[in-house]
J.: 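Have a look at the structure that comes next, please.
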Number of protein chains: 2
Amino acid sequence: MTKPQISQEISQDPLRFPVTKDVAERAGVSTATVSRVLNGTARVRADKHEAVMKAAEELGFVANGAARALSMRRFMAVGAVVPNIENEAFIRVLSSFQDRLRQEGYTLIAANSGYDIDNVLREATFLIERGIDGLMLVGDIHHPLLHARIARQKIPMVQVFTLSTERACIGFDNAASAGRAASYLLDLGHTRIGVISGLRKDNDRGGARVEGIHAALAARGLRMLPEHDVEISYGIGGGRDGFRQMLASGAEPPTAIICGTDQIAFGAMIEARSRGLDIPGDLSVIGHNDSDFAAFLSPPLTTINVHSAAIGRAAGDHLVSRMAGRPTVRLTEIDAELIVRGSTAPPRARG
Amino acid sequence: MTKPQISQEISQDPLRFPVTKDVAERAGVSTATVSRVLNGTARVRADKHEAVMKAAEELGFVANGAARALSMRRFMAVGAVVPNIENEAFIRVLSSFQDRLRQEGYTLIAANSGYDIDNVLREATFLIERGIDGLMLVGDIHHPLLHARIARQKIPMVQVFTLSTERACIGFDNAASAGRAASYLLDLGHTRIGVISGLRKDNDRGGARVEGIHAALAARGLRMLPEHDVEISYGIGGGRDGFRQMLASGAEPPTAIICGTDQIAFGAMIEARSRGLDIPGDLSVIGHNDSDFAAFLSPPLTTINVHSAAIGRAAGDHLVSRMAGRPTVRLTEIDAELIVRGSTAPPRARG
DNA sequence: GCCTTTCTTGAAAGCGATTACAAAAGACAG
DNA sequence: CTGTCTTTTGTAATCGCTTTCAAGAAAGGC
């Protein structure tokens, strides 16, 4: 077994990775010059410039981000806390948000809260300790301490999927968009409309949507039966359970339902069909988010497209501007859109 | 409009957020003691302990992570580069990986590469500059420079969804597991078996799976028609296109197909049905990943569960141990499992 | 009560970058 | 060849935390 070759460039301690000083010595310049070359912050004579580049290359120099962050007082990272990192809508938001930030050299650090207001506080604090330069949150209802902390640290923050009167937001009016879906069903002639939503605790969006539906019904002098207003945890299984529960209540079944996600809608469709109900003949179904599979179900699912990717991109734009000290608009509305497919139709004439 | 209340605790510059020194002064101790109390690294007399906690609380103190990282030479963050952040399997891995790391106080920074080997290098370098203490990659084929860089910085790294002879891995033998699925179909009596996989460029897993299927066929003296081996970009639409392409080739259609994801399988099922083919009567279909919807399709989809969540957790365990300097096993095999549901059956006797 | 041992504490030295400031080196005109 | 104006460079301070070291306080043994 041969002695390990210590290559000449590793002078003293082969265990340590190279730092600015090593590059400086090797290139025969000062650390200031190294920094100037590597960051392009000031003119450096061509020969020294080249020497630095060469030395950095040879040593495999990688700048220490913590040291840089400390001295620049900028971390070049932004955080995001979403309720559920496995939910399609949030993934799309994060994905486009990240793309936008990455273009500007920012890193995204994402965390999830499990729809719990205390967890949002905990995760956001964790991110703030990390030194993030900006923060994205979902919704407008948060722990009061969180807003105080964000203000104290002067961290630019933007909220998505909501429109708030207080803070910067990118999103839409959840009540209005769900209301429009309800109105569409009412226009088709439905009168018994139900809703299956995800958990509404600490979730202003879910709550607003249900309220918007109630309001649309009320505007036509109708009201939703309490038995037709069910709340479940997300997922296909949840959708099945939700619809089963609605039928089991003994109340006259709805002729149309609006679901919190396309997964829930899919679950409800499965349950309905297993009971011999025809969709859309006996039951019209509307989902949320326009998931990949929505157009491929049979019948294809009518759904509310919330434009997650556009929202994420806009949130990125917003934060990038704020962090650069540029002026920004507080509210950006990217309205949700009802995509009508085959899962909705006028109610079948009563037998 | 009243003058903003400057609360007493903000003594000098109300623009700056509080630092250790401020807490120390307010509590009447040194910064060393503040650090000791806040990190619990050494015993401190009860009264001083309390004074520090109180001062920190009142000031809304949040430690500067960059400074901490710099002095501890530990960033308490790990990176992960996955091919596609919108793919269910990778999301599950990231989610469980993050949970595990979060327990130990680590932050996860995730990036995606779009199945491109150069992007993996770029993103990983970006993360290394950030100062990550550990790194997770998908698969075993990477840019040679990447391994050099990881070695130079002495960053613990673990690869998932693969088993390598060189590096630490958590995963399974892709060829063997796909081979088992093929053998299962062969046992049912199928002889014309096709495969629809995602892009295989820079993707050792996809390639290995297809090879495993070829090998299983060869072991029975059979071979796959080239027309039955198609490669598409991921997604339901891709699955439809893939199966359409297979039929359009003019070759005798397969009686069974194995798909790279459940989404692809779903797409292929849709296309098959639209052509009047019965599943599993005319066509058996196997997917990959056991997506949420797999069990709910009709017929329910037979699929290979790769245990993404378990892999992510194990990868977290592995890195946590390595970063703590504890000994670890290099290879952890978490075998994939065929879940047989209704989409597979013996081929219908030829008409 | 005095000496040794054990706990607590604070002063100060890093960690590895960036950058303000001043000195040095060139460029140019007279 | 000298003085002035730029441009390029290096020195050293700084960012905010952790941690070593040594001193001071408290505790225990005789």
Side-chain angles (χ1 to χ4, degrees), chain A residues 12-13 15-52 55-56 59-77 105 128-133 152-154, chain B residues 12-13 15-52 55-56 59-77 105 128-133 153:
Chain A
Q12 301 202 310
D13 179 357
L15 292 170
R16 287 211 59 61
F17 47 76
V19 298
T20 321
K21 193 150 157 280
D22 302 323
V23 177
E25 278 171 13
R26 184 162 238 267
V29 299
S30 71
T31 60
T33 298
V34 172
S35 170
R36 286 191 270 253
V37 169
L38 264 29
N39 297 302
T41 46
R43 282 208 62 73
V44 170
R45 227 172 52 211
D47 58 337
K48 302 215 172 191
H49 184 281
E50 199 173 331
V52 169
L59 290 174
F61 173 75
V62 174
N64 180 317
R68 167 180 284 160
L70 181 57
S71 73
M72 295 212 305
R73 255 144 302 184
R74 270 268 199 108
F75 190 49
M76 294 308 284
I128 292 171
E129 283 179 1
R130 281 297 194 255
I132 50 164
D133 303 311
R152 166 94 57 165
Q153 303 282 331
K154 305 222 181 314
Chain B
Q12 301 202 311
D13 181 355
L15 292 170
R16 287 210 64 57
F17 47 76
V19 298
T20 323
K21 193 150 155 277
D22 302 324
V23 177
E25 278 172 12
R26 184 163 240 267
V29 300
S30 71
T31 60
T33 298
V34 172
S35 170
R36 286 191 269 255
V37 169
L38 264 28
N39 298 303
T41 45
R43 282 209 60 74
V44 168
R45 226 173 52 211
D47 57 337
K48 301 213 172 192
H49 186 281
E50 197 172 333
V52 169
L59 291 173
F61 173 75
V62 175
N64 180 318
R68 166 181 286 157
L70 181 57
S71 72
M72 296 211 304
R73 257 144 300 176
R74 272 259 196 118
F75 191 52
M76 296 307 284
I128 292 171
E129 282 179 2
R130 280 298 193 256
I132 51 165
D133 303 311
Q153 302 284 329

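Letters A, B, ... are given to chains in the order of the sequence lines, protein chains preceding strands, and every chain is numbered from 1.
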J.: Please list, chain by chain and in numerical order, all residues satisfying side-chain contact (heavy atoms from CB on, under 4.5 Å) with B/Glu50, sequence neighbours excluded.
T.: none
J.: Dump the pairs, protein N or O against N or O of nucleotides 26-28 of chain C, anything under 3.5 Å, distances to one decimal.
T.:
none

J.: Where the side chain of A/Asp133 meets the backbone of A/Arg74, is there a donor-acceptor pair that is under 3.5 Å apart?
T.: no
J.: Please enumerate all residues that pass side chain to side chain donor-acceptor pair (under 3.5 Å) together with A/Arg73, with sequence neighbours excluded.
T.: none
J.: Checking A/Ala51 now: which residues fulfil side-chain contact (heavy atoms from CB on, under 4.5 Å) with it, not counting sequence neighbours?
T.: A/Ala27
J.: Going 5' to 3' along DNA chain D, between which two nucleotides do contacts with chain A fall, using a heavy-atom cut-off of 4.0 Å?
T.: D/dT8 to D/dG16
J.: Given axes from five pairs at either end, by how many degrees does the helix from C/dG1-D/dC30 to C/dG30-D/dC1 bend, rounded to 10°?
T.: 40°
J.: For A/Ser35, what residues pass the side chain to side chain donor-acceptor pair (under 3.5 Å) criterion, not counting sequence neighbours?
T.: A/Asn39
J.: Is A/Arg36 reaching over with its side chain to a backbone N or O of A/His49, donor-acceptor style, under 3.5 angstrom?
T.: no
J.: Taking only N/O atoms, report every protein-nucleotides 17-21 of chain C pair under 3.5 Å with atom names and distance.
T.:
| from | atom 1 | to | atom 2 | distance (Å) |
| --- | --- | --- | --- | --- |
| C/dA17 | OP1 | A/Asn64 | N | 2.9 |
| C/dA17 | OP2 | A/Thr20 | N | 2.4 |
| C/dA17 | OP2 | A/Thr20 | OG1 | 2.7 |
| C/dA17 | O5' | A/Thr20 | OG1 | 2.2 |
| C/dT18 | OP1 | A/Asn39 | ND2 | 2.6 |
| C/dT18 | OP1 | A/Arg68 | NE | 3.3 |
| C/dT18 | OP1 | A/Arg68 | NH2 | 3.4 |
| C/dT18 | OP2 | A/Ser35 | OG | 2.5 |
| C/dT18 | OP2 | A/Asn39 | ND2 | 3.3 |
| C/dT18 | O4' | A/Ser71 | OG | 2.7 |

J.: What is the distance, to the nearest angstrom, from the CG atom on A/Asp47 to the C1' atom on C/dA25?
T.: 13 Å
J.: Run the salt bridge (Lys or Arg N to Asp or Glu O under 4.0 Å) test against A/Arg45 and tell me which residues pass, sequence neighbours left out.
T.: A/Asp47
J.: Tell me, please, which residues at least two apart from A/Ser30 pass side chain to side chain donor-acceptor pair (under 3.5 Å).
T.: A/Thr33
